[in-house]
Protein chains: 2
Amino acid sequence: MMQHKHEIISSDKALREKGFRVTKGRLKLLALLEHSGQPLSIQQILTLWKGTPPNVTTLYRSLTSLNLSEVVRRIDLNTGIAHFEYTPDRPHHHHIICNDCGTIEEIAGCSLRALEKEIVHSSKQFKNISTHNLEFFGHCIRCTKI
Amino acid sequence: MMQHKHEIISSDKALREKGFRVTKGRLKLLALLEHSGQPLSIQQILTLWKGTPPNVTTLYRSLTSLNLSEVVRRIDLNTGIAHFEYTPDRPHHHHIICNDCGTIEEIAGCSLRALEKEIVHSSKQFKNISTHNLEFFGHCIRCTKI
DNA sequence: TCACTATTGCAAATTATTTGCAATAGTGTA
DNA sequence: TACACTATTGCAAATAATTTGCAATAGTGA
């Protein structure tokens, strides 16, 4: 309980530091994302929303602010639409997506820091890597059997 | 010269094996992608096209076929639109993209095979990874100075 | 509590991508 | 080479995702 409270407060801070306001809608959106435990698309967010959902436009704008505040991460699962996941208090990680059914599995941890250093070291144009997107694709056992 | 011819012929084969036809438009598209040496968006392809460009619809359809033939790879650079790059005779690799100006630098090689094995080993739902998308983001030196 | 400005909702505009259909062009076979 | 078969193309129109403008509303600091 207290921990949950604590997370909300830290998201607050992240937003404020970027000059964004902490609104009820954004908090509810964050709670929804945190709760789902999965990267969600805009449509999925609207479906899961309890009560009157915000306007789609608002959702896009909120997610952009949250993303810039690094409280939410925007990821691309090769589906052509954006997905968003809650990031505070969760280690950076990646996913495997089933090419057939779309099942998403989270992969614990990420060991690419060393690789980033190497890249920055040998690159001429880049001396700084802020982040990376890594997603794996394959077939889950259910879809392999079929 | 001969080498170039050779590459075209192997793309031919890849298309045919998937039951696709080798058309003039597709060959020209492949040549364009190969030549640019960069992942290109649909709009960029149209801009770079010499002579009367194909219809956008055709471009989408051709790129889909080429992608299925594994002669072209569709990648997501977090820009919201699809990018396509030529793959034959080139080792699998990734990119760094500048968050400010969009500069794309190719990173030679890819060392994720071992990681893929580990993942498959510890995953319950996935026993097979067919591919992965990995892109790094940062600021190029030009944009860092500004 | 008040003034200032970011955020929201709504309608409408963009932009990316897909679909249907008739005309055209590749491909295998004779 | 000619022919039949069917994938591909172009065009128009439909979807789908995302963005923009503007007035009303709500969060923030003083």
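For the numbers below, each heavy atom of this structure counts, side chains included, while hydrogens, waters and symmetry mates do not. Throughout, protein chains are lettered first and strands after them, A, B, ... in sequence-line order, and every chain is numbered starting at 1.
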A/L15 atom CG is separated from D/dT28 atom C1', nearest whole Å, by 14 Å

From CD1 of B/I81 across to P of D/dT19 the rounded distance in Å is 12 Å

_Working for side chain to side chain donor-acceptor pair (under 3.5 Å), residues A/T103 and B/Q125_ = CA-CA 9 Å; A/T103 290; B/Q125 296 180 80; 4.8 Å; no

* Asked: Quick check: does any side chain N or O of A/T131 sit under 3.5 Å from a backbone N or O of B/F137, one acting as donor and the other as acceptor?
  -> no

Separation of C/dA16 atom C1' from B/F84 atom CZ, nearest Å, is 11 Å

Terminal axes of the helix from C/dT1-D/dA30 to C/dA30-D/dT1 (5 end pairs apiece), angle rounded to 10 degrees, sit apart by 60°

Note: for A/Y60 and A/V22 on DNA chain D, the residue whose nearest nucleotide lies more 5' is A/Y60

Contacts of B/F136 meeting ring-ring contact (aromatic ring centres under 6.0 Å, His included) (sequence neighbours excluded), chain-then-number -> A/H132

Sorted by chain and number, sequence neighbours left out, side chain to side chain donor-acceptor pair (under 3.5 Å) with A/S41 holds for A/Q44

A/K127 meets the side chain to side chain contact (heavy atoms under 4.5 Å, CB included) criterion, sequence neighbours left out, with A/V120, B/I141

From CG of A/D76 across to C1' of C/dA16 the rounded distance in Å is 13 Å

From NZ of A/K13 across to C1' of D/dT28 the rounded distance in Å is 18 Å

Sorted by chain and residue number, the side chain to side chain contact (heavy atoms under 4.5 Å, CB included) partners of A/E70 (sequence neighbours excluded) come out as A/K18

Review item, nucleotides 8-11 of chain C N/O atoms under 3.5 Å of protein N/O:
from: C/dT8; atom 1: OP1; to: A/T23; atom 2: OG1; distance (Å): 3.0
from: C/dT8; atom 1: OP2; to: A/S62; atom 2: OG; distance (Å): 3.4
from: C/dG9; atom 1: OP2; to: A/N55; atom 2: N; distance (Å): 3.2
from: C/dG9; atom 1: OP2; to: A/T58; atom 2: OG1; distance (Å): 2.7
from: C/dG9; atom 1: N7; to: A/R61; atom 2: NH2; distance (Å): 3.3
from: C/dG9; atom 1: O6; to: A/R61; atom 2: NH2; distance (Å): 2.8
from: C/dA11; atom 1: N6; to: A/T57; atom 2: OG1; distance (Å): 3.3

Using distance only, find each side-chain donor-acceptor pair of residues 48-59 of chain A under 3.5 Å and give its atom names and separation, not counting sequence neighbours.
from: A/W49; atom 1: NE1; to: A/T52; atom 2: O; distance (Å): 3.3
from: A/N55; atom 1: OD1; to: A/T57; atom 2: N; distance (Å): 2.8
from: A/N55; atom 1: OD1; to: A/T57; atom 2: OG1; distance (Å): 3.0

B/R90 meets the side chain to side chain contact (heavy atoms under 4.5 Å, CB included) criterion, sequence neighbours left out, with B/E85, B/Y86, B/H93, B/E106

A/L27 atom CG is separated from D/dG27 atom C1', nearest whole Å, by 11 Å

Members sharing A/I81's hydrophobic cluster, built from side-chain contacts under 4.5 Å between Ile, Leu, Val, Met, Phe, Trp and Tyr, are none

Salt bridge (Lys or Arg N to Asp or Glu O under 4.0 Å) filter on B/R21, not counting sequence neighbours, yields none

Determine: side-chain N/O of B/R21 to OP1/OP2 of C/dA25, distance under 4.0 Å, yes or no. no

To the nearest angstrom, the CG-P distance between A/L29 and C/dT7 comes to 13 Å

Expected list for residues 38-47 of chain A near DNA chain C, using heavy atoms below 4.0 Å, is none

Applying side chain to side chain contact (heavy atoms under 4.5 Å, CB included) to B/N67 and not counting sequence neighbours gives B/R74

Whole-Å distance, B/D12 CG to C/dG26 C1', equals 12 Å

